K.L.:
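Pasting in a structure now, in structure tokens, and then I'll have a few things to ask.
What you see is a predicted model, and the numbers here were worked out from it, not measured in a lab.
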Amino acid sequence: MKTNKTLLSTAVAFSLLTSIHQAHAAGFQLAEYSATGLGRAYAGEAAMADNAGAQWRNPAMLTYLKGTQISVGAIYVNPNIDVKGSTSLSNPQSGNVIYTTESKSDDFAHDAIIPNLYLSHQFNDLVSLGFALGTNYGMETDLGNNFSASHFGNEASVITKEANLNLALRLNEEISVGGGIRYIVGEGSFGAKTPAVNILQQPQGKTIKYMEGDDTEWGWQLGSTWQVNKDHRVGFAYKSEVKLKLTGHAEGFGFNKIPGDTRDFYMKGSMNLSLPATAELSSFHQLDEKLAVHTSINWTDWSSFEKLQADLVDGSSSTVKVENWEDNYRFALGATYQWDTKLALRTGVAYDTSAVSDKNRTITIPETDRTWLSIGASYLLTDDLTLDAGFTYIFAKDAKIKESRGYESDDKAQLVGGAFEGEVSGNVWLVGVQASYRF
């Protein structure tokens, strides 16, 4: 499996290379599918058709796109995520604390560029076809070998690339439906290493557990829209769960079957990872000639993400990390103001609920509530070419983290290097551009 830590991503026709370092919706989900929607905090996406990118959130919206269209863009992501606290190592026999040290890692999620490419074609008034390249999930955290709680995990990554082929039908003047097949290429990893002070007296940075693998899989999506009247529209979309079997290898002395055995370990194996199902209910309301408002409620089935487990070729299994996430919701409200015939202005606000309880928050994926504030604009450069730009600032809510959390795998890690208590804080800046052309 390739581990990609570059900061440059490029989208070209029929090829998509991505480097995703931190997710900005809940969990490791990525909302950043276009700069057009970014300017309104992705409010109303399942009920709006600004350009060919509309099919990513609701394939039924293809019926609202005239002729043949192409839309291409990218979003620059600048996360600033910090975690700090203390690690306390206790004597296994007496339980007395024998060593306490600061645990701190600043800005451990790196910058990234997330590209996209969309094509749409209207065969006639009833049938439209679309093709899309992008990503729905991705993250990478790297706290480094010097982090004194690295025995609970010092790195984690999920990187996906996705292609969609979509078909939409206009059933009548009010109702459109659409669906598509999704092809996903995914890879993931998780690692934990010994801290500088550990009960096993092993050198700092020795691998306790590391698992990586990759896979390809198919999924599907469905969407519908109801044109209530000329000024009001409602859209609904659903994406299926995708179950990846990340096939690769496991290494690290934590996989040895004898407790306290610190010899090197390496074996081929796999790790199951579910990319959860999602649903979105959106509305669009044209209040007058210039002002429109739009809303979205999103649901993600994060309860499907229960644990990371290494299934080895010798038939044995070993828990890498217990997750026990829960479903989350996102609420967004946006507005578009048509300044004149060429310029449209956007704004929006959104709130993402956390996909973890306080108990299940971890160092490697320090999931917390988020608030989005967004602005954006579209400019009609010619009759056929539109340029879009969007900007978002995300407040990440400060949240407590405690490991061990009471799970067996965490308790074993605590015996090696002690317990961790701390807090995660941060923010994210997003800047996007999009160009759309109608043939």
K.L.:
Considering only NZ, NE, NH1 and NH2 on the basic side and carboxylate oxygens on the acidic side, decide whether R405 and D411 come within less than 4.0 Å.
P.N.:
no

K.L.:
Does a donor on one side chain and an acceptor on the other come within less than 3.5 Å for Y351 and D369?
P.N.:
yes

K.L.:
Pair up each side-chain donor or acceptor in residues 390-402 with any protein partner under 3.5 Å, not counting sequence neighbours, and list the distances.
P.N.:
from, atom 1, to, atom 2, distance (Å)
T392, OG1, L38, O, 3.3
T392, OG1, S374, OG, 2.6

K.L.:
With a 4.0 Å cut-off, would you call K321 and D410 a salt bridge?
P.N.:
yes

K.L.:
Hydrogens and angles aside, do T336 and H294 bring a side-chain donor and acceptor to less than 3.5 Å of each other?
P.N.:
yes

K.L.:
Answer yes or no: is there an ion pair linking D82 with K104, defined by an N-O contact shorter than 4.0 Å?
P.N.:
no

K.L.:
Could you tell me if T368 and S354 have a donor-acceptor pair between their side chains, going purely by distance under 3.5 Å?
P.N.:
no

K.L.:
Can you see whether T362 engages E403 through a side-chain donor-acceptor pair at a distance of less than 3.5 angstrom?
P.N.:
no

K.L.:
Check this for me, if you would: do E217 and K245 make a salt bridge, where the nitrogen-to-carboxylate-oxygen distance has to be below 4.0 angstrom?
P.N.:
no

K.L.:
On the six-membered ring of W299, is R330 placed so that its NZ or CZ lies under 6.0 angstrom from the centre and within 45° of the ring axis?
P.N.:
no

K.L.:
Identify whether NZ of Lys or CZ of Arg in K307 sits under 6.0 Å from the centre of the six-membered ring of Y407 and within 45° of that ring's axis.
P.N.:
no

K.L.:
Within a radius of less than 6.0 Å around NZ of K342, do more than 12 heavy atoms belonging to other residues, nucleotides or ligands occur?
P.N.:
yes

K.L.:
Is it true that the side chains of S296 and S282 contain a donor and an acceptor less than 3.5 Å apart?
P.N.:
yes

K.L.:
Taking the six-membered ring for Trp, are Y238 and W220 closer than 6.0 Å centroid to centroid?
P.N.:
yes

K.L.:
I would like to know whether Y437 and F439 meet ring pair (Phe, Tyr, Trp, His ring centres under 6.0 Å); could you show each step before the answer?
P.N.:
CA-CA 7 Å; Y437 191 81; F439 294 93; 4.9 Å; yes

K.L.:
If you apply the rule ring pair (Phe, Tyr, Trp, His ring centres under 6.0 Å), what do you find for Y266 with F255, and how did you get there?
P.N.:
CA-CA 9 Å; Y266 182 97; F255 290 106; over 10 Å; no

K.L.:
Looking only at heavy atoms, which two atoms of E45 and R40 are closest? And how far apart?
P.N.:
OE2-NE, 2.6 Å

K.L.:
Would R233 count as a cation-pi partner of Y64, with NZ or CZ less than 6.0 Å from the six-membered ring centre and within 45° of the ring normal?
P.N.:
yes

K.L.:
Cation-pi check for W56 against K239: NZ or CZ below 6.0 Å from the six-membered ring centre and within 45 degrees of the axis, yes or no?
P.N.:
yes

K.L.:
Looking only at side-chain N and O atoms, does N80 offer a donor or acceptor that is under 3.5 Å from a partner on N427?
P.N.:
yes

K.L.:
Which atom names give the shortest non-hydrogen contact between E212 and S189, and what distance separates them?
P.N.:
CB-CB, 3.8 Å

K.L.:
Look at E280 together with R57 and state whether they make a salt bridge at an N to O cut-off of under 4.0 Å.
P.N.:
yes

K.L.:
Please work out which of the three classes, parallel, tilted or perpendicular, describes the rings of Y183 and W218, given edges at 30° and 60°.
P.N.:
tilted

K.L.:
Considering residues at least two apart in sequence or located in another chain, which fulfil the ring-ring contact (aromatic ring centres under 6.0 Å, His included) criterion with F331?
P.N.:
none

K.L.:
For atom CG of N229, decide whether the heavy atoms of other residues, nucleotides or ligands shown that lie under 6.0 angstrom number more than 12.
P.N.:
yes

K.L.:
Determine the interplanar angle of the Y118 and Y33 rings, folded into 0 to 90°, and report it as parallel if under 30°, tilted if 30 to 60°, perpendicular if over 60°.
P.N.:
perpendicular

